[in-house]
Amino acid sequence: MEKEVIVRFAPSPTGYLHIGGARTAIYNWLFAKKTGGRLILRIEDTDAERSTEESIQGIVDGLKWLGVTWDEDPYFQSKFIQEHIDAAQRLLESGHAYKCFCTKEELDQKREQARKEKGAIKYDGTCRNLTPEKIAVKEKSNLPYIIRLKVPNGEGAVSFRDEVYGLIEKKYKDIEDFVIVRSNGQPLYVLSNAVDDIRDGITHVIRGQDGLANTPKQLLIYNALGADVPKFAHMSLTLDSKKAKISKRRHGEIVAVHFYRERGFLPWAFVNFLVLLGWSTPESQQIFSKEELIDAFSLKGINKANSVFDVRKDDPKFFTDPKAISINAHYLRNLPVEEIEPYVKAEFEKAGIWDPEFEGEKHNWFLNTIDLIRNRFNFTTDFVTLGSAYFSDDFPIDPKALKKNILKHEGLKEWFPVLADRLEALQDFTMEETENVVRDMADEYEIKAGILINGARAAVTGQAVGPGIFDVLLAVGQDRVVERLRKAVTFFE
RNA sequence: GUCCCCAUCGUCUAGUCUGGUCCAGGACACAGGCCUUUCACGCCUGCGACAGGGGUUCAAAUCCCCUUGGGGACGCCA
């Protein structure tokens, strides 16, 4: 029987969840779902200096919002430090590692030297060759030391078959005796991470390609510890439009998951967008339901080349990657209304214009209205900005609409009240009846129906664009329409 | 500087392993058109790429080599 798949997402809590991390989490999650395996969330918080509680919460919130679920309570790497230290001790005893008494200053100097001479930057092995006597002397005088892994000498190489990149080979001579324990006794990431993966029984390490260079070192640790090695799948990185790796420091919130949440993205739409950044199916399918995506997912579909997150700073039309917006718009417009309702509600609550009747008495009307106006929207936030006139009497009038559809036609000063009277007089406020009123009036006054229609749209919704006017009138309702038309003459004052 | 990785439309990509069906397909963006009371949606059309050079082969986006370009790693960070 095949071993159960166990994967992990192991972020270091030094900031918010950004799209690179989210993408890694999503691929791991998808792989776990696809294989019926488990996903572990492991917070790598051993850098006490930079790890914060706030950041942990931010990452958890971000993952939850995206819908990425994990299978056990989050693990905290800091709880297992003793295990890492013990592992280092074993490595020391088995001769796979050694104490190095070189000081930081000496090492910095050697590194600088190597850089100057344009040679390889690599530890020279000074302490590897210390005689037992010399070691004893140094130990006796309580000199601080770090622990380095002893990389095999000779012509060999570490090699492994990456699930994405294929055969990767690194010669021993190109790997330095890397540090696994600091002089203060604390283990380093390269060790902790491997020890944790061994303990947690991780079967597949799915991580960014920036971890590729670490893999041979970790393989050496696995071997020295006598552990089975997991499979590795390195994912291509996400770069910015200048082809630099995206990072919190350089890009700010445009790469933060929470930013997209605040800007009115539907979580699944964002997942759909992110998953397409560096992964595809043979058919190049673009839109996936959750079930479809899990079904279609495969490590083989991960692209080897890095991809560009196409944010164009200062683009007046797109505040982020146009494709992300288009996918979001697609979901916003095509999902069953009931599915977007909760997100719309959240926006209303945030804006302080939520009315409990929207899910009581007015529920049907509420859903129909969302359905009516969403076709022109890209974000859930649009419902409270562009769509406020449908749900509240306090709505702004777009200056362009005012100018083009109202003020341009002096006659409306006279026509609006007439139209208001006639609409008010209607027994049946229906599409048919309202249309008759408008068209008859246009004939009577010998004006184009469009003038009345576009003027009414601007007066009733504050906007120059929107659904067909008779739908709008019905959605807004007879009383409000009449009131707004009458009030519109004040625009001419 | 050393090592590792990568290279198809502006962007995301299919096709590369298993050469011919590819004068390279899809999506987004862009341009034009249809529809129309507005704006969208939708539909149609267009623009647009195999980084360059050598091989191998009857045949190369696909295989090999070189060049160029890009990315990543080289911490007592994770």
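Chain identifiers are assigned alphabetically (A, B, ...) following the order of the sequence lines, protein sequences preceding nucleic acid strands; residue numbering begins at 1 within each chain. Only a predicted model underlies this, so the values are computations on that prediction, with no experimental measurement involved.
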TODO: Take the protein atom CG of L167(A) and the nucleotide atom C1' of C17(B), then report the distance between them rounded to whole Å.
DONE: 14 Å

Open item on the list: Can you confirm whether or not the ring centre of F379(A) sits under 6.0 Å from the ring centre of F319(A)?
Closed with: yes

Open item on the list: According to ring-ring contact (aromatic ring centres under 6.0 Å, His included), does anything in residues 106-126 of chain A pair up with another residue at least two apart or in another chain? List the pairs.
Closed with: none

Task: Sequence neighbours excluded - side-chain hydrogen bond (donor to acceptor under 3.5 Å, both in side chains) pairs with any residue from residues 143-156 of chain A - done: none

Task: For U18(B), the Watson-Crick or wobble partner whose two distances fall under 3.5 Å - done: none

Open item on the list: When the P atoms of C28(B) and G46(B) are compared, how many Å lie between them, rounded to an integer?
Closed with: 16 Å

Task: Sequence-aligned protein contact record of nucleotides 30-39 of chain B, with B where the base is within under 4.0 Å of a protein heavy atom and S where only the sugar-phosphate is - done: S------BBB

Task: Partner residues of F391(A) under the ring pair (Phe, Tyr, Trp, His ring centres under 6.0 Å) criterion, sequence neighbours left out - done: F348(A), F358(A), W365(A), F366(A)

Open item on the list: Using a 4.0 Å heavy-atom cut-off, does T281(A) contact any base of the nucleic acid, only the sugar-phosphate backbone, or nothing at all?
Closed with: sugar-phosphate

Open item on the list: In this structure, how many angstroms lie between the C1' atom of U16(B) and the OH atom of Y165(A), rounded?
Closed with: 16 Å

Task: Euclidean distance, atom CG of residue D315(A) to atom P of A29(B) [Å, nearest integer] - done: 12 Å

TODO: Check the distance between A14(B)'s P and K304(A)'s NZ and give it to me in whole angstrom.
DONE: 11 Å

Task: For atom CG of N303(A) and atom C1' of C17(B), their distance in whole Å - done: 15 Å

- [ ] Under 4.0 Å between any heavy atoms, over every strand shown, what does E169(A) touch: base, sugar-phosphate, or nothing? Just pick one.
- [x] sugar-phosphate

- [ ] Using ring pair (Phe, Tyr, Trp, His ring centres under 6.0 Å) as the criterion, list what pairs up with H96(A), not counting sequence neighbours.
- [x] none

Open item on the list: By the side-chain hydrogen bond (donor to acceptor under 3.5 Å, both in side chains) test, which pairs, at least two apart or in different chains, include something from residues 185-198 of chain A?
Closed with: R8(A)-D197(A), R42(A)-D197(A), E44(A)-N193(A), Q77(A)-D196(A), H84(A)-S192(A), H84(A)-D196(A), N193(A)-Q218(A), D196(A)-R199(A)

- [ ] Only pairs at least two apart or in different chains count here, so list each salt bridge (charged side-chain N to carboxylate O under 4.0 Å, His left out) that has a residue in residues 439-464 of chain A.
- [x] R422(A)-E444(A), E435(A)-R439(A)

- [ ] Under the salt bridge (Lys or Arg N to Asp or Glu O under 4.0 Å) rule, collect the residues that match up with E163(A), sequence neighbours excluded.
- [x] none

- [ ] Can you check each nucleotide of nucleotides 43-49 of chain B against protein heavy atoms at under 4.0 Å and return B for base, S for sugar-phosphate only, - for none, in 5' to 3' order?
- [x] -------

Task: Qualifying salt bridge (charged side-chain N to carboxylate O under 4.0 Å, His left out) pairs with a residue from residues 237-246 of chain A, counting only residues at least two apart or across chains - done: D210(A)-K245(A)

Open item on the list: Under 4.0 Å, counting only non-hydrogen atoms across every strand here, what does I168(A) touch: a base, just sugar-phosphate, or nothing?
Closed with: sugar-phosphate

- [ ] Quickly work out the N378(A) CG to A40(B) C1' distance and round it to whole Å.
- [x] 10 Å

Task: F273(A) and W279(A) aromatic centres sub-6.0 Å - done: no

TODO: Would you mind reading off the distance between D240(A) atom CG and C12(B) atom C1', rounded to a whole angstrom?
DONE: 16 Å

Open item on the list: Each nucleotide in nucleotides 62-78 of chain B should get exactly one letter: B, S or -. Can you fill that in based on protein heavy atoms under 4.0 Å?
Closed with: --------SSSSSSBBB

- [ ] Tell me which of P322(A) and E283(A) sits closer to the 5' end of RNA chain B, going by the nucleotide each one is nearest to.
- [x] E283(A)

Open item on the list: Going by ring pair (Phe, Tyr, Trp, His ring centres under 6.0 Å), name the residues that satisfy it together with Y16(A), two or more places apart in sequence or in a different chain.
Closed with: H258(A)

